[in-house]
Amino acid sequence: MAKRKQKRKLRMIIGGISGVILLLLAIYLGFAFYFSNHFFFRSRINNWKIGGMSLEKAEEKVGDSVEDYLLTVFDREGEKHHIYGQEIGCEYVPDGSIEKLLKTQEPFWWITAIFHSEDNQVPITMKYEEELIADAVNGMDCFKKENIIKPQNAEIKLGEEGYYVEPEQPGTEMVFENVLEKVKQAVSAGENSITLTDEDYVNPEITKESTIITDTIDRIKKYENAEVNYEIKDYEEKLDKEQIRQFIQLGDNYEVSLKEDQIERYVQDLASKYNTYADVRSFKTSAGDTIEIGGGDYGWIVNKPKEAEQLKADLEAGVPVSRPPIYSQRPFVEGKDDIGTTYIEIDYTKQHLWYYENGSLVTETDVVTGNISRNNGSPDGVFKIVYKESPAVLKGEDYESDVTYFMPFAYNVGIHDASWRNGKFGGEIYKSSGSHGCINAPLEVAQMLYEKVQVGTPVIAYYREKVELTAENAKISNAFSYVAPENGEDR
């Protein structure tokens, strides 16, 4: 009897436990079924609590955040600009992301969600009103006229230290269409911020790295490298970078050219500085005094057209050079004292001639020069022996004379022997019965000069008193004392 009671009691206990287990299982399965279409407890999306919510409720909850939507636009300087969801008519448009989260949820593991929370992030995809979003972008501070700084192209400028590149200035002007498109994409994707890049700006067309800039600078440097060291004895003359920069001309399209007028002006200055042709010079005479004598045709003459042409070629070549200027005439010797120590000296007043060679007197003699009383005075100035001829026939309007040695130095005026003088030279013969302008010398002296004197040897001829020469040979030979007959004015 007792055993039966015990068995009955055991069955009741087992039945009660089984019932509880079945109840719990039913509850567990009920929750599993519930969470097949509801989110687990403590679930979050974008920090919003959606635990126990259905898909529709969760999407509605997430969509509520659109009212507070804010898009922050960072420009390339890091400044912030804002687009508010309310001002562009934003509405949440589910894109399936929340539904996907729900489908990936394992319903039978709902109990584990009681012990830990899960925060998922999904994009807040939205739609907006086209007109409103365009107005919102256009209303940003960066598109206000007073805040827009236009971009500046890189420029090549000439400063104290030479040519340099002024870098481009990017400015703040944006491309509206680009910015609008990026804002639209960000809003559609529910993004909270975007950062603008160079492609969203109106950028300079020419930068310091642009080929047009680098090629131009290279061209300028090539010109500057073409320094010219002029080889002029006793002088230092150099065309350096600073001067070359004054020759360079930049066109509107960065075309590099040379200012030919500036080059020609430089060459003119070069000629003015170093030409000694017809210069007035201080000359120490054989008598020991110093006179001032100019005129004539002796001295340095820079060939300006050819020198300008050569200078342009040197600049185009772009390499340093050392060379003398291009001359159309050179004196007998180089240097500041271009007369040197080998020359013929003729004192018309004293009617005397000296010939010095390397500083030593070789010969001297009395002479007879041009007849002053007949306006045939010999040309004065600094000349050179043009050529030598032996024998020679001297011809004029009313004369013809045979001579053995002839050495012209001033047009048709020269030194020659004069047998008809019968050995009489010097004194004041020239004043009444002088020559037509030539320098008459004894035969033996004329012969010595002919044999020793080289073509190009300087001839310094001067008067010690004031004279006025009007003869054609004085005019043509650029005589120092030439006076034009028509006005009588001194040179």
Nearest 0.5 Å please: distance from the [atom1] atom of [X] over to the [atom2] atom of [Y].
X: Lys259; Y: Arg265; atom1: NZ; atom2: CZ; value: 9.5 Å
X: Ile385; Y: Ile344; atom1: CD1; atom2: CD1; value: 4.0 Å
X: Met407; Y: Leu449; atom1: CE; atom2: CG; value: 5.0 Å
X: Ile149; Y: Cys142; atom1: CD1; atom2: SG; value: 12.5 Å
X: Glu465; Y: Tyr348; atom1: CD; atom2: OH; value: 12.0 Å

Step through the shown structure and confirm whether more than 12 heavy atoms of other residues, nucleotides or ligands are within 6.0 Å of [atom1] on [X].
X: Glu146; atom1: CD; result: yes
X: Arg464; atom1: CZ; result: yes
X: Lys350; atom1: NZ; result: no
X: Glu364; atom1: CD; result: yes
X: Glu231; atom1: CD; result: yes
X: Glu316; atom1: CD; result: yes
X: Gln185; atom1: CD; result: yes
X: Glu131; atom1: CD; result: no

[Y] side chain reached by [X] side chain, heavy atoms, under 4.5 Å:
X: Pro408; Y: Tyr387; value: yes
X: Leu70; Y: Asn192; value: no
X: Ile263; Y: Leu258; value: yes
X: Asp234; Y: Asp337; value: no
X: Lys336; Y: Tyr235; value: yes
X: Trp420; Y: Val403; value: yes
X: Phe409; Y: Ile415; value: yes
X: Phe406; Y: Leu394; value: yes

Set out, in order, the CA-CA distance, both residues' side-chain angles and the distance that settles salt bridge (Lys or Arg N to Asp or Glu O under 4.0 Å) for Glu130 and Lys184, then state yes or no.
CA-CA 9 Å; Glu130 288 283 348; Lys184 286 180 178 181; 2.7 Å; yes
Cut-off 3.5 Å, side chains only: do [X] and [Y] have a donor facing an acceptor?
X: Ser360; Y: Asn358; result: no
X: Thr172; Y: Arg76; result: no
X: Ser477; Y: Tyr482; result: no
X: Thr369; Y: Gln351; result: yes
X: Tyr405; Y: Glu389; result: no
X: Trp354; Y: Glu345; result: no
X: Glu357; Y: Thr342; result: no
X: Ser481; Y: Asp380; result: yes
X: His81; Y: Asp75; result: yes
X: Gln447; Y: Thr404; result: no
X: His352; Y: Asp366; result: yes

Salt-bridge criterion met for [X] and [Y] (N-O under 4.0 Å):
X: Lys241; Y: Glu227; value: yes
X: Lys208; Y: Glu166; value: no
X: Lys284; Y: Asp289; value: no
X: Glu199; Y: Lys182; value: yes
X: Lys221; Y: Asp218; value: no

Result of checking Tyr355, Phe383, Phe332, Phe283 against Tyr343 for ring-ring contact (aromatic ring centres under 6.0 Å, His included)
Phe283
In this structure, is the centre-to-centre distance between the rings of Phe176 and Phe143 below 6.0 Å?
yes
Would Tyr69 and Tyr128 count as a close aromatic pair, with their ring centres under 6.0 Å?
no
I'd like a table of donor-acceptor pairs (distance under 3.5 Å, sequence neighbours excluded) in which one partner is a side-chain atom from residues 304-311, with atom names and distances.
residue, atom, partner, partner atom, Å
Lys304, NZ, Gln268, OE1, 2.8
Glu307, OE1, Arg323, NH1, 3.0
Glu307, OE1, Ile326, N, 2.9
Glu307, OE2, Tyr230, OH, 2.6
Glu307, OE2, Arg323, NH1, 3.4
Glu307, OE2, Arg323, NH2, 2.8
Gln310, NE2, Asp314, OD1, 2.9

Output all residues satisfying salt bridge (Lys or Arg N to Asp or Glu O under 4.0 Å) with Glu224, sequence neighbours left out; order by chain, then residue number.
Arg245
With a 3.5 Å distance limit and no angle check, can you tell me whether Ser210 reaches the backbone of Thr207 through a side-chain donor-acceptor pair?
yes
Go through the structure and list residues passing side-chain hydrogen bond (donor to acceptor under 3.5 Å, both in side chains) with Glu237, not counting sequence neighbours.
Tyr266, Lys273, Tyr274
I'd like a table of donor-acceptor pairs (distance under 3.5 Å, sequence neighbours excluded) in which one partner is a side-chain atom from residues 424-434, with atom names and distances.
none

Any cation-pi pair here, Lys388 with Tyr450, using under 6.0 Å and within 45°?
yes
Does Lys157 count as lying over the ring of Tyr163, i.e. NZ or CZ under 6.0 Å from the six-ring centre, within 45 degrees of the axis?
no
Asp338: partners by side chain to side chain contact (heavy atoms under 4.5 Å, CB included), with sequence neighbours left out
Thr276, Arg281, Tyr298, Trp300, Pro331
Restricting to side chain to side chain contact (heavy atoms under 4.5 Å, CB included), what partner residues turn up for Ala226, sequence neighbours left out?
Leu315
